[in-house]
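Reviewing the structure listed below.
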Amino acid sequence: MNPADLSGTRRLAVADYDLDATLGGGQAFGWSRVGEGWEGVVAGRWVRIEARDGAWTIRTARAETDWEWIDRYLGWDEDLAAVIATFPDDAPMRDAVAACRGLRLLRQDPWECLAGFICSTTKQVVQIQEMVALLARRHGDPVATPEGVAPRNAFPRPERIVEAGEAALRGCKLGFRAPYIWATAREVAEGRLDLDALAKRPEDEARAALMELPGVGRKVADCVLLFGLGFPNAFPVDVWIARALGRLYFPRARKLTQRRLVRFSTTHFGPHGGYAQQYLFHHARMNLGRAWAVDSAKKT
DNA sequence: AGACAGGAGCAGT
DNA sequence: ACTGCTCCTGTC
């Protein structure tokens with residue numbers, strides 16, 4: 001290797017992992033498709049991942065001796081077959097698994113995950129990505145990038161969000177979410193909420209603590225529990241899931257309350273309900289489409 | 001061009 | 001417990 005090239009490169013064989021669905025499917029908002037790969041910032045490091053014929057190339061700006069940070073984030077060594085085996089054996093799940101096999105759950109930084117999903121309310125993925133990118137560009141700390149790659153910042157830590165102030169956050173197109181993010185960042189920055197500690201608490205307690213935060217309701221809290229804190233049974237019910245569940249499991253129901261869907265989802269889908277949810281969600285969005293979902297919602 | 005988007009919080013019933 | 005309204009901002 002050229003001694004002037006200080007970047008780290010790692011190659012490994014990964015099976016049963018759909019990188020596009022996982023990084024671009026709406027569970028994380030900081031990734032961009034660049035050429036044949038994905039580029040983002042994980043644990044304060046710029047990283048590029050290319051998947052080709054089951055072989056991955058992971059590239060970093062600096063040489064790395066320890067890859068635990070990215071292994072943990074991607075969770076590629078998780079036994080997907082074992083997870084899928086816990087799903088209920090019904091037609092909707094079989095269809096979703098057949099269509100999306102290889103879709104995975106990421107293990108994100110809890111703060112970045114929380115901030116991202118506060119931004120997500122009443123927004124579509126591309127718009128959330130834009131807000132998150134603006135926040136990073138204007139308020140995040142720079143990370144090292146390889147020669148020839150444009151400078152890039154990490155997602156701002158809570159302290160930087162607090163410093164930025166609400167007006168600057170509105171400038172990042174956060175709209176009415178600006179005061180939510182700001183106040184939540186302050187709770188974390190000033191030590192009143194220890195996000196990492198939530199992972200060790202019972203799910204109900206962790207959820208309740210999250211829902212104390214401004215801008216965090218049940219759905220956002222469940223996203224953070226599932227995508228950031230590692231609670232495998234957390235099951236975010238957004239409009240897509242609500243429509244999909246209604247159509248697939250309650251085709252004759254007159255109306256479905258959020259509460260009823262939450263109760264159904266947390267009991268019916270087993271110990272890895274969150275994983276099952278991601279499959280149903282992605283399948284409904286990618287393979288069935290909006291017309292399918294909306295039509296079903298109206299056809300009460 | 002008015003509704004709507006991968007919600008939350010609030011008041012009112 | 002449920003309904004209805006508002007909160008920014010783009011997009012179709």
Side-chain angles (χ1 to χ4, degrees), chain A residues 21-31 96 100 103 105-106 108 112-135 164-185 187 207-228 234-248 253-265 274-298 300:
Chain A
T22 303
L23 297 182
Q27 52 177 313
F29 307 111
W31 291 95
C100 308
L103 174 62
L105 286 184
L106 298 168
Q108 301 176 51
E112 186 170 344
C113 184
L114 171 60
F117 280 99
I118 291 176
C119 289
S120 77
T121 64
T122 322
K123 284 292 179 190
Q124 298 174 351
V125 175
V126 284
Q127 300 171 287
I128 306 163
Q129 288 169 336
E130 187 185 3
M131 291 188 269
V132 166
L134 276 171
L135 286 170
E166 191 182 316
L169 299 179
R170 284 185 185 269
C172 296
K173 304 190 176 184
L174 296 200
F176 63 82
R177 303 157 194 83
Y180 294 160
I181 295 276
W182 187 82
T184 290
E187 293 298 300
R207 180 184 292 106
L210 289 170
M211 290 177 66
E212 292 289 312
L213 298 165
V216 181
R218 171 82 194 215
K219 189 267 178 183
V220 170
D222 278 341
C223 287
V224 177
L225 291 176
L226 181 62
F227 302 135
F235 196 109
V237 178
D238 54 47
V239 300
W240 281 95
I241 282 292
R243 289 167 181 161
L245 291 179
R247 175 145 185 166
L248 296 169
R254 176 167 291 269
K255 65 174 179 179
L256 289 165
T257 62
Q258 196 78 355
R259 188 179 187 78
R260 184 176 172 192
L261 287 176
V262 165
R263 190 149 23 91
F264 171 75
S265 61
Y275 239 109
Q277 170 271 157
Q278 196 64 12
Y279 272 84
L280 290 175
F281 172 70
H282 200 263
H283 182 47
R285 237 172 46 103
M286 297 291 114
N287 303 105
L288 304 176
R290 188 174 186 284
W292 175 87
V294 172
D295 176 58
S296 71
K298 287 178 178 167
T300 52

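Protein chains get the first letters and strands the later ones, always in sequence-line order, with residue 1 at the start of each. None of the values given here were measured: they were computed from a predicted structure.
- As a whole-Å value, the separation of A:D238 CG from B:dA8 P is 10 Å.
- Judged by distance alone, with hydrogens and angles left aside, A:R285 brings a side-chain donor or acceptor within reach of the base of B:dG6, the pair sitting under 3.5 Å.
- A:P214 comes within 4.0 angstrom of the backbone, heavy atoms only, and of no base.
- One atom, CG of A:L210, and another, C1' of B:dA8, lie 14 Å apart when rounded to the nearest Å.
- Between A:D222 atom CG and B:dG6 atom C1' there is a gap of 14 Å when expressed in whole angstrom units.
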For every nucleotide of nucleotides 6-12 of chain C, 5' to 3': is a protein heavy atom under 4.0 Å from its base (B), only from its sugar-phosphate (S), or from neither (-)?
-BBBS--

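- No contact: A:G171 has no heavy atom under 4.0 Å from any strand.
- Expressed to the nearest 0.5 Å, how far CG of A:L245 lies from CD of A:Q277 amounts to 9.0 Å.
- Nucleotide B:dG6 holds its P atom 11 Å from the CZ atom of A:F29, rounded to whole Å.
- Map A:V125 and A:E212 each onto its nearest nucleotide of DNA chain B; the residue landing nearer the 5' end is A:V125.
- In this structure, CD of A:Q278 is placed 14 Å from P of B:dG6, rounded to the nearest angstrom.
- Nucleotides C:dC2 and B:dG6 place their C1' atoms 22 Å apart, quoted to the nearest Å.
- Considering only residues two or more places apart in sequence or on other chains, A:R207 meets the side-chain hydrogen bond (donor to acceptor under 3.5 Å, both in side chains) condition with A:E203, A:D204, A:D222.
- With hydrogens and angles ignored, the 3.5 Å screen pairs a side-chain donor or acceptor of A:R177 with a backbone N or O of A:L174.
- A:C100 SG to A:Q278 CD: the interatomic distance, rounded to the nearest 0.5 Å, is 9.5 Å.
- In terms of heavy-atom proximity, A:I128 sits nearest to A:G116 at CG2-O, 3.8 Å.
- In this structure, CG on A:L106 lies 10.0 Å from CG on A:L226, to the nearest 0.5 angstrom.
- The interatomic distance linking A:H282 (NE2) with B:dG6 (P) rounds to 14 Å, in whole Å.
- In this structure, the separation between CZ on A:R285 and CG on A:D238 is 9.0 Å, given to the nearest 0.5 Å.
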Each base of DNA chain B marked ( ) or [ ] if paired in-strand (Watson-Crick or G-U under 3.5 Å), | if paired to another strand and . if unpaired gives .||||.|||||||

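- The minimum heavy-atom distance between A:P236 and A:I241, with the atom names listed, is O-CG1, 4.0 Å.
- Note: CD1 (A:I181) to C1' (B:dG7) measures 13 Å, nearest angstrom.
- Shown here are the ring-ring contact (aromatic ring centres under 6.0 Å, His included) partners of A:F176, two or more places apart in sequence or in another chain: there are none.
- Across all strands shown, A:G215 has heavy atoms under 4.0 Å from sugar-phosphate atoms exclusively, and none from any base.
- Of the candidates B:dG6, C:dC2, B:dG7, C:dC2 carries the atom nearest the A:T257 side chain, counting heavy atoms from C-beta on.
- The minimum heavy-atom distance linking A:G217 with A:M211 is given by the pair O-CG, 3.8 Å.
- Taking A:K173 as the reference, A:E130 meet the salt bridge (charged side-chain N to carboxylate O under 4.0 Å, His left out) condition, with sequence neighbours excluded.
- Note on A:L213: only backbone sugar-phosphate atoms sit closer than 4.0 angstrom, heavy atoms only; bases stay farther off.
- On the P atoms, B:dC4 is 14 Å away from C:dG4, given to the nearest whole Å.
- To the nearest 0.5 Å, atoms CD (A:Q108) and SG (A:C223) are separated by 9.5 Å.
- Within the nucleic acid shown, A:V126 has no heavy atom closer than 4.0 Å to any nucleic acid atom.
- For A:F227 and B:dG6, the CZ to C1' distance is 10 Å, given to the nearest whole Å.
- A:R243 has a side-chain polar atom (N or O) that falls below the 4.0 Å cut-off from OP1 or OP2 of B:dA5.
- Listed by residue number, the members of residues 258-265 of chain A with any heavy atom below 4.0 angstrom from DNA chain B form an empty set.
- Side-chain N or O atoms of A:Q27 include none that pairs as donor or acceptor with a backbone N or O of A:F227 at under 3.5 Å.
- The gap from the C1' atom of C:dT9 to that of B:dA1 amounts to 16 Å, rounded to the nearest Å.
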